[in-house]
> 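Let me give you the structure first, and then I'll get to my questions.
What you see is a predicted model, and the numbers here were worked out from it, not measured in a lab. A note on names: the letters A, B, ... follow the listed sequences, proteins ahead of strands, and every chain is numbered from 1.
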Amino acid sequence: MVDNPYLAHLKLSQRRALVETSSVSANREPLFGFLPRKVKGEQVRKAMEHELNPFTKQPHSAQYRKILESRKELPVYSQMDEFFEIFSRHQIIVVVGETGAGKTTQIPQFVAYSDLPHSKGKLVACTQPRRIAAMSVARRVADEMDVQLGKHVGYSIRFEDMTEPGTTFLKYMTDGMLLREAMNDTALSRYSTIILDEAHERTLATDILMGLLKSLARRRPDLKIIVMSATLDAVKFQSYFSLHQPSEKPSPAPLFKVLGRTFPIEVFYTQEPEPDYVEAAIRTVLMIHRAEDPGDVLLFLTGEEEIEETCRKIKLEADDLINTDPSSVGPLMCVPLYSSLPPQQQQRIFEAAPKPTQEGYPPGRKVVVSTNVAETSLTIDGIVYVVDPGFFKQKVYNPRIRVESLLVSPISRASAQQRAGRAGRTRPGKCFRLYTEKDFISELQEGTYPEILTSNLASVVLILAGIGIKDLVRFDYLDAPAPETLMRALQLLNYLAALDDEGELTPLGRLMAEFPLDPQASKSLAKMLITSPEFKVSNDILTITAMLSVPNVWLRPPNQRAAADQAKALLTVPEGDHLTLLNVFNNYSQNKSDRNWAWNNFLSARALAQAENVRAQLLRTMERSEIELISVEDERKRNLGIQKALICGFFMQVAHKEGEKGSYLTVKDNQVVGLHPPAVLMPNQNGYYSTSLCSPSAVHSYGD
DNA sequence: CGACGCTGG
């Protein structure tokens, strides 16, 4: 700097001062000499060791030093130079690595050091398929960077924006949240780099974002994109994001491989196919319990009922074993796990295995019987044995009748690998696959179907229309949905008057897109809510909409079914399921002071609290969109209004009774449908019939 | 007696 000829006119003393300040600033400024996106690993390592935090300019805490030492143990830390090398040279890269390799926590930090987003008022975003992951990873990274969560590092999820505009430069968020943002800012101009994490899970939102970002990359050369995934699908992502230079052959996006750090897992197959996978699973768990070394077991089954039943059977047989010969086998604890399980009971999966019944006797064992939640969303430490019968419940969508249903189906090889991996997180493990090796190789498909191929796409179409993408058939999908699925979605939105006959978004459609609600056939909630002021019942429809957007509120514990049904009967109103839901919520609100109200009435406190949250968010959206909030005093008029608004939003499901046999025909296209069994359906004073959910397709009947 | 695998705004 002092050799600069422009400084020649300065006096010597001034020049000396300049040298001193610049060397001071080199010492005091951890990011001295950092050029955005030309940063090298060596510089970053030095900055990390610096006494000052480069982003807060505060001295690093002792905790920071400690965490930094553990970060250095991660394989990805030693690959920093290689990462910066690839990241600096390319706009789009693909990162692969086993879970637990540290890619979710480390890569976004590396990017922040390279992008220096804080110096340009930009952000680095890292998307996650689940809220809980976005929250917990952000918390961990804030600790690693020695900043307060919500300041320089934050997260953004549906009900919580833990960021500070102007300060936050590294943001973890749900993929759905970023997709929403794309509706308001098509160029995603706030971001310097966008990282799509867990891309192999192929959620609807991540798939759409990949399509959007691929085309956005051409318009925004300054935007960098990183797609992070587990190993199997890397090649697919690489070729999808290949660069098409006009004169050259397309070259696949470069790959950065994060080295794993998992323990070896021994995989066993059955000799012959098992005719009854539940029976085989129980047999295998007990075999492990009798013959294998200490260590917990994870068994994958398909659903709540199957899991509860199996837990009972395993427990019975294990008790039998220990009663026959308490000295040869330890006590067994069997815990169910599925998402609708109350949180308190979910916690049981983290309890330690039981102690030996008596000193010197064999130690106890914990067996977790779980749905697919344990495959991705929830990690249980200490699992050594995995039992994989090879089935899961798959969603299938039939566009012709617009019905989504669940089907027990064989898993994919990718899924089998993921399940096996759950055995090797703390030490070497074993995986028992209850199918033959031949079937694994030749019968299982490679990957699980991405969501975009098995879902009703009405909400996706609405969002894309909101972003301004009209030609949905030619949108650049990683996996294109069936044209019929798209057509049915467009048709539905046209019926709902969200799209006009030219496929243009109508003002109503734009409004509908604002609401975080499904515009699906089974519940056209947004439309119902928006049109409800017409019937002077928007306040009530708001509540019903919120109740319909959360999981089932009715609890029915196996040993208290009669009591639960009785409690439900007390809250039921004759006008139907929806008015009953309204009644439940209103009673819940009036009894907020009684903490046990929900439990005493056999209702899910979690679902009700969620409904309250959703209601508040929808209310904010209504206010923003200036939708009137009204309700009429007269109860009969109100109920009639509510029923009219329901039919308006649910018109695809309106059916009329056909003869006396109890069968129904839909008004829209004469499909034969039935009523959902637990529905409340009884004639009211006017001879009208009232609503209900239904299987296979929901039906709502209000007289003729 | 049924249902509802999991997740998101």
> Looking at Asp479(A) and Arg202(A), is any side-chain nitrogen of the basic one under 4.0 Å from a carboxylate oxygen of the acidic one?
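A salt bridge is present here (some side-chain N lies under 4.0 Å from a carboxylate O).
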
> Can you tell me which nucleotide in dA3(B), dG8(B), dC6(B) comes closest to the side chain of Arg130(A)?
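For Arg130(A), the side-chain atoms sit closest to dG8(B).
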
> Taking only side-chain N and O atoms of Ser339(A), does any of them lie within less than 4.0 angstrom of OP1 or OP2 on dC6(B)?
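Yes, such a contact exists.
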
> If you assign Lys393(A) and Arg180(A) each to the DNA chain B nucleotide with the nearest heavy atom, which residue ends up on the more 5' nucleotide?
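Per heavy-atom nearest nucleotide, the more 5' residue is Lys393(A).
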
> Could you state the atom-to-atom distance from CD of Glu198(A) to P of dG8(B) in whole Å?
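About 13 Å, once rounded to whole Å.
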
> Does a nitrogen or oxygen in the side chain of Arg202(A) sit under 4.0 Å from OP1 or OP2 of dT7(B)?
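The answer is no; no side-chain N or O of Arg202(A) sits under 4.0 Å from OP1 or OP2.
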
> Is a side-chain donor-acceptor pair under 3.5 Å present for Glu306(A) with Tyr338(A)?
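No - no donor-acceptor pair under 3.5 Å links their side chains.
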
> Which residues within residues 409-421 of chain A lie with some heavy atom under 4.0 Å of an atom in DNA chain B?
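Residues of residues 409-421 of chain A that come under 4.0 Å of DNA chain B do not exist, since none gets that close.
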
> More than 12 non-hydrogen atoms from neighbouring residues, nucleotides or ligands closer than 6.0 Å to CD on Glu279(A), yes or no?
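Counting other residues, nucleotides and ligands, CD of Glu279(A) exceeds 12 neighbours.
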
> Which part of the nucleic acid, if any, lies within contact of Tyr338(A), taking any heavy atom under 4.0 Å across all strands shown: a base, the sugar-phosphate backbone alone, or nothing?
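Tyr338(A): backbone/sugar contact only, no base atoms under 4.0 Å.
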
> I want to verify a distance call: between dC4(B), dG8(B), dT7(B), whose nearest atom is closest to the Thr174(A) side chain?
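So the nucleotide nearest the side chain must be dG8(B).
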
> Just the rounded figure in Å: distance from C1' of dG9(B) to CD1 of Ile467(A).
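Interatomic distance, CD1 of Ile467(A) to C1' of dG9(B): 13 Å.
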
> Strictly below 4.0 Å: does Arg556(A) bring a side-chain N or O up to OP1 or OP2 of dA3(B)?
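Result: no.
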
> It should be established whether Thr371(A) places a side-chain nitrogen or oxygen under 4.0 Å from OP1 or OP2 of nucleotide dC6(B).
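Yes.
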
> Select one nucleotide: of dC4(B), dT7(B), dG5(B), the one nearest the side-chain heavy atoms of Glu304(A).
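The answer is dG5(B).
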
> What is the distance, rounded to the nearest whole Å, between atom CG of Asp565(A) and atom C1' of dA3(B)?
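In whole Å, dA3(B) C1' lies 14 Å from Asp565(A) CG.
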
> Rounded to the Å, how far apart are Met177(A) CE and dG9(B) P?
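The distance from CE of Met177(A) to P of dG9(B) comes to 7 Å, rounded to the nearest Å.
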
> Please state how far atom CG in Asn552(A) lies from atom P in dA3(B), giving the value in whole angstrom units.
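Checked: the CG to P distance equals 13 Å.
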
> Measure the distance from CD1 on Ile157(A) to C1' on dT7(B) and round it to the nearest whole Å.
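Between C1' of dT7(B) and CD1 of Ile157(A): 13 Å.
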
> State which residues pass side-chain contact (heavy atoms from CB on, under 4.5 Å) with Thr545(A); sequence neighbours excluded, sorted by chain then number.
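Thr545(A) satisfies side-chain contact (heavy atoms from CB on, under 4.5 Å) with Leu517(A), Leu525(A), Met528(A), Leu529(A), Ile541(A), Ser549(A), Leu618(A) once adjacent residues are dropped.
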
> Just checking, is any N or O donor in the side chain of Ser412(A) or Ser415(A) under 3.5 Å from an acceptor N or O on the other one?
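No - no donor-acceptor pair under 3.5 Å links their side chains.
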
> Could you say whether Ile463(A) or Phe392(A) is positioned toward the 5' end of DNA chain B, judged by the nucleotide with the nearest heavy atom to each?
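Counting from the 5' end, the first nearest nucleotide belongs to Phe392(A).
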
> Output yes when Arg433(A) and Asp439(A) qualify as a salt bridge under the 4.0 Å nitrogen-oxygen rule, no when they do not.
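No, Arg433(A) and Asp439(A) are not salt-bridged.
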
> Are Ser455(A) and Glu451(A) close enough that a side-chain donor and a side-chain acceptor fall under 3.5 Å?
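Looking only at side-chain atoms, Glu451(A) and Ser455(A) do not form any donor-acceptor pair under 3.5 Å.
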
> If you measure from the Lys or Arg side-chain nitrogens to the Asp or Glu carboxylate oxygens, is any gap between Arg615(A) and Glu612(A) under 4.0 Å?
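No salt bridge links Arg615(A) with Glu612(A).
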
> What contact category does Glu201(A) fall into here, base, sugar-phosphate, or nothing, at under 4.0 angstrom with non-hydrogen atoms?
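Counting heavy atoms under 4.0 Å across all strands, no contact is made by Glu201(A).
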
> Over how many whole Å does the gap from Leu209(A) atom CG to dG8(B) atom C1' extend?
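In whole Å, dG8(B) C1' lies 12 Å from Leu209(A) CG.
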
> Asp161(A) has an atom CG; how far is it from atom C1' of dG9(B), in whole Å?
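After rounding, the gap between these two atoms is 14 Å.
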
